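Comments concern the structure below.
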Amino acid sequence: MLTTTLSSLLGLLFLFMAILNTWMGFQISLRRTHSLRFIQLHRINGYAFVILYLVMMYFMLLKLKDYPGELPARAMFHMVLGLSLAPLLVVKIIIARYYKAYYNYLPAIGIIVVSSVFVLISMTTLPYFIRTVTIEEVSLEDIGMGMETIDVAATQNLMEQRCAKCHTLERVLNTQTDSAGWKDIVNRMRNLPGSGITNQEAKDILAYLVDTLSVDTSTSEGMVSVGRALVNERCGLCHDLDRIYGIPRPKVLWEAIVDRMFGRAPAGYFKPGEKEQILHFLTTALVPGGELAAPKDETPQEAPSAWEDKLPIPTLGSQTWILIGVGLILFGVILYFLQHRITRSKKEEEEDLPPIVEAPPKIPMSASRHAMILVLSRIEQVTPDMKTFWFVVQEGHPFSFQPGQFLTFQWIIDGETVPRSYSISSAPTQVGHLTITVKRKPDGWVSHFLHDKAQPGMTVEAKGPSGRFVFNENKDKDIVLLGAGSGITPLKSMLNYIDDKCLATHVTLFNTVRTEKDIPFAHEFEGIGKRLPHFKLVTSLTKPTDSWNGETGRLNADMLQRHVEKPLEKTYFICGPAPFMKGAETMLLDLGVPAENIHQESFGGAPKAPKLDENAELSGLSVKFAQSDVTVPIPKGQPLLEIAEANKVPIPSSCRAGFCGTCKTKCLSGKVEMENEAGLDPEDKANGYVLTCVGHAKTDVELDV
């Protein structure tokens, strides 16, 4: 058996591991760390926790033999609570290993496990540590030894170490005797060869035994307790205890039986005074009509051999069995519920049942008009020409977005305000901060500024979020992400969102880059691949080396069909340079993919607006910018956005092709014709919004800007 000190230390370690594992689980679920080593440490700690749990349950079950009858209420509760951890751990392991779509259950299970472990350990370890600082004075005056001061915990450990050399601790702790009896026992133990018990240690052990296990033999109840213990220990060596307790006998018969027993015993087996104590118990408690007499067992019992173990077989009472039964029923309900949810999910997937879901909440364009101040907190090198910029959202400015959306930043460079739009590369689940990933461009004014001059602590004004290029987890169940260059950033946001929420979405990501060193987020995507069972990454190099074993060249139909089953049934998200997006869209349409299954985002920041030709012929029409109180004539063929920029009227913009919706502005009066209306939804059109980047006035117009 474990010593009390070791058992207590293991209990504290057990509680610490439970708390640590739950904390690490929360860190991973909140995506506060992407380290594979951290995830592996979490897994190792979890398995070590299970092993320690099995070890502690083994020793806990061994203690059942200390209870020959009905378990005390405290011990029964402690045992049932310990056993109830088993189904929780089984369910947690099953979810973690095989059903990652149900990860959202793990934090709740972890909290329940920690709470249960805390109660378990508190019931045993807390009293022990309270006792470790308890100094007690024990009176030994009735055996002529005065007062003895002991440290209860230290003396208990001393007794366990010394007495266990020659006796099992159960034999010592189950003995019932008075102070004189304990004195005689300690003296006999001290005189045994090799006991190593000093005089002072003998006094301390005696004081401990008297203080915790002494019986008052001056009373009839005390004598009965001593006698019962002696019968259990002495008589049980040669007789089945059921044979003794099961047949009450008259006092005369008990006296004759005890005389025969003592006559047959070897010399020294019974100690002085034990005969009287045994006889007192038998003739007091086990005579016909005696208070402690057990019901007669009519079945004769065969006397076992003397060398067999005669410890009584522990039994569990009816209350214990009821609680264990309730625990098993609860375990079955949990498994049924989990299996029911999994079966229903699989059935819907196999039968391709259309899910009944609500559309994701729309973020109105007016939200993009509200500016917020972001603080640059960290810069991370992703590839030689690509960096990720981490921004902290200031407190008091709640911010939310959908995976795939972008912000329009007002960069101040050399005293001039330069608007640029960048997709958010972090996921909406990663609260408190957001990231953008910017690739250096040869002629990129803003990208050169960010790569060369931006430093942590810099602030920038941003408006948004904006954009309809978003992932909808309720309807986009099987998607293909097509990215090239910086176009990987909104796709990364979608993928991180799926990973953070452990969605069962099937995802294939095609990432086209030039060389191996230009592959962004390689380590992060590798980790996502280990966590998501339905994720596939295909990287293609346009300038590969001889050592490259993956796909090569630009994305084409053959490459797509090699890696995507049933391509006509997928939903596609395309983002990258204009030639890449045009080629990918044409390829998909040629394959027969429905146009409504193709979503694309023009990426790379707003191209420079062409300067207005001062000599251009006027159309005879005018545009009024209401909020800016500016009215100007309209040159022929000139988009409204370019007219606004030429007159320093701020209108956010991004793609300048009518796709993203960043520049949409409410038309208060007049008629505007647009080359492309993809950036507007029916609600926008009904409310009078127009896309100024592709909008041309057909009459005098007034815009709300």
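Basis for what follows: all heavy atoms, side chains included, without hydrogens, waters or symmetry-related copies. Because the structure is predicted, anything quoted here is derived from the model rather than measured.
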Test: Lys566 and Asp478 ion pair at under 4.0 Å: no
Flag, side chain of Ser619 to backbone of Ile634, donor-acceptor distance under 3.5 Å: yes
Polar side-chain atom of Ser628 near backbone of Val630 as donor-acceptor pair, under 3.5 Å: no
Point-to-point distance, once rounded to the nearest 0.5 Å, from CD of Glu551 to OG1 of Thr512: 9.5 Å
Phe573 vs His599, ring pair (Phe, Tyr, Trp, His ring centres under 6.0 Å): CA-CA, chis, key distance, verdict: CA-CA 5 Å; Phe573 293 86; His599 309 282; 5.0 Å; yes
Check: Thr388 and Phe521 side chains under 4.5 Å, non-hydrogen atoms: yes
Residue pair Val438 / Phe389, side-chain heavy-atom distance below 4.5 Å: yes
Pair His563, Lys536: side-chain N/O donor-acceptor within cut-off below 3.5 Å: yes
Polar side-chain atom of Lys477 near backbone of Glu473 as donor-acceptor pair, under 3.5 Å: yes
Audit row: Phe580, Glu585, side chain to side chain contact (heavy atoms under 4.5 Å, CB included) steps and yes/no: CA-CA 9 Å; Phe580 170 82; Glu585 180 186 21; over 6 Å; no
Atom pair CG (Leu568) and CG (Leu591), whose distance is rounded to the nearest 0.5 Å: 7.0 Å
CZ (Arg440) with more than 12 external heavy atoms under 6.0 Å: yes
Whether Phe391 and Phe409 hold their rings parallel, tilted or perpendicular, with breakpoints at 30° and 60°: tilted
Between Tyr497 and Gln402: side-chain donor-acceptor atoms closer than 3.5 Å: no
Side-chain heavy atoms of Leu703 within contact of Cys667, under 4.5 Å: yes
Met494 to Gly404 - nearest heavy-atom pair and separation: CE-CA, 4.0 Å
Heavy-atom donor-acceptor pair, Lys671 side chain to Thr699 backbone, under 3.5 Å: no
Closest non-hydrogen atom pair between Tyr689 and Leu680, with its separation: O-CD1, 3.5 Å
Side-chain heavy atoms of Met386 within contact of Ser486, under 4.5 Å: yes
Enclosure of Ile111 CD1 (heavy-atom neighbours >12, cutoff 6.0 Å): yes
Side chain to side chain, Asp414 and Glu416, heavy atoms closer than 4.5 Å: no
Candidate pair Glu516 and Thr545, rule side chain to side chain contact (heavy atoms under 4.5 Å, CB included), full reasoning: CA-CA 8 Å; Glu516 236 176 309; Thr545 61; 3.8 Å; yes
Heavy-atom side-chain proximity of Leu374 to Leu434 below 4.5 angstrom: yes
Neighbour count above 12 (heavy atom, 6.0 Å) for Asp629 CG: no
Residues Thr692 and Thr665: side-chain donor-acceptor under 3.5 angstrom: no
Atom of Gly695, atom of Val672 and distance for their closest heavy-atom approach: CA-CG1, 3.8 Å
Full working for side-chain hydrogen bond (donor to acceptor under 3.5 Å, both in side chains) between Asp518 and Thr515: CA-CA 5 Å; Asp518 297 314; Thr515 65; 2.7 Å; yes
Minimum heavy-atom distance Lys517-Pro384, with the two atoms named: O-CD, 3.3 Å
Verdict with reasoning, Phe625 to Gln627, per side chain to side chain contact (heavy atoms under 4.5 Å, CB included): CA-CA 6 Å; Phe625 302 105; Gln627 296 184 28; over 6 Å; no
Thr437 versus Ser425, side-chain donor and acceptor atoms under 3.5 Å: yes
Gap separating the CH2 atom of Trp548 from the CG atom of Leu541, nearest 0.5 angstrom: 4.5 Å
Ser447 (side chain) donor-acceptor with Gly444 (main chain) under 3.5 angstrom: yes
Side-chain donor-acceptor contact under 3.5 Å, Glu569 with Asn597: no
Flag side-chain contact, heavy atom, 4.5 Å: Leu588 against Leu482: yes
Sidechain-backbone polar pair: Arg378 side chain, Pro456 backbone, donor-acceptor under 3.5 Å: no
Minimum-distance pair of heavy atoms, taken over all atoms of Phe535 and Gly529: CD2-CA, 3.6 Å
Distance-minimising heavy-atom pair for Met559 and Gly553: CE-O, 4.0 Å
Interatomic distance, Lys463 atom NZ to Phe406 atom CZ [nearest 0.5 angstrom]: 13.0 Å
Separation between CG of Leu495 and OG1 of Thr505, rounded to the nearest 0.5 Å: 10.0 Å
Side-chain heavy atoms of Leu532 within contact of Ile498, under 4.5 Å: yes
Backbone of Cys575 reached by a side-chain donor or acceptor of Gln600 within 3.5 Å: no
Whether over 12 other heavy atoms sit under 6.0 Å from Glu673 CD: no
Donor-acceptor contact below 3.5 Å, side chain Asn472 vs main chain Asn474: yes
Electrostatic pair Glu565-Lys570, nearest N-O below 4.0 angstrom: no
Spatial distance of atom CZ (Phe525) from atom CG (Leu491) [nearest 0.5 Å]: 8.0 Å
Check: Thr383 main-chain N/O paired with Gln381 side-chain donor or acceptor under 3.5 Å: yes
Note: Arg514-Asp385 ion pair, threshold 4.0 Å (strictly below): yes
Any side-chain donor near an acceptor of the partner, Gln638 and His696, under 3.5 Å: no
Intermediate values then yes/no, side chain to side chain contact (heavy atoms under 4.5 Å, CB included), Val690 and Met674: CA-CA 8 Å; Val690 297; Met674 291 170 284; 4.1 Å; yes
Lys/Arg N to Asp/Glu carboxylate O, Glu677 vs Lys685, below 4.0 Å: yes
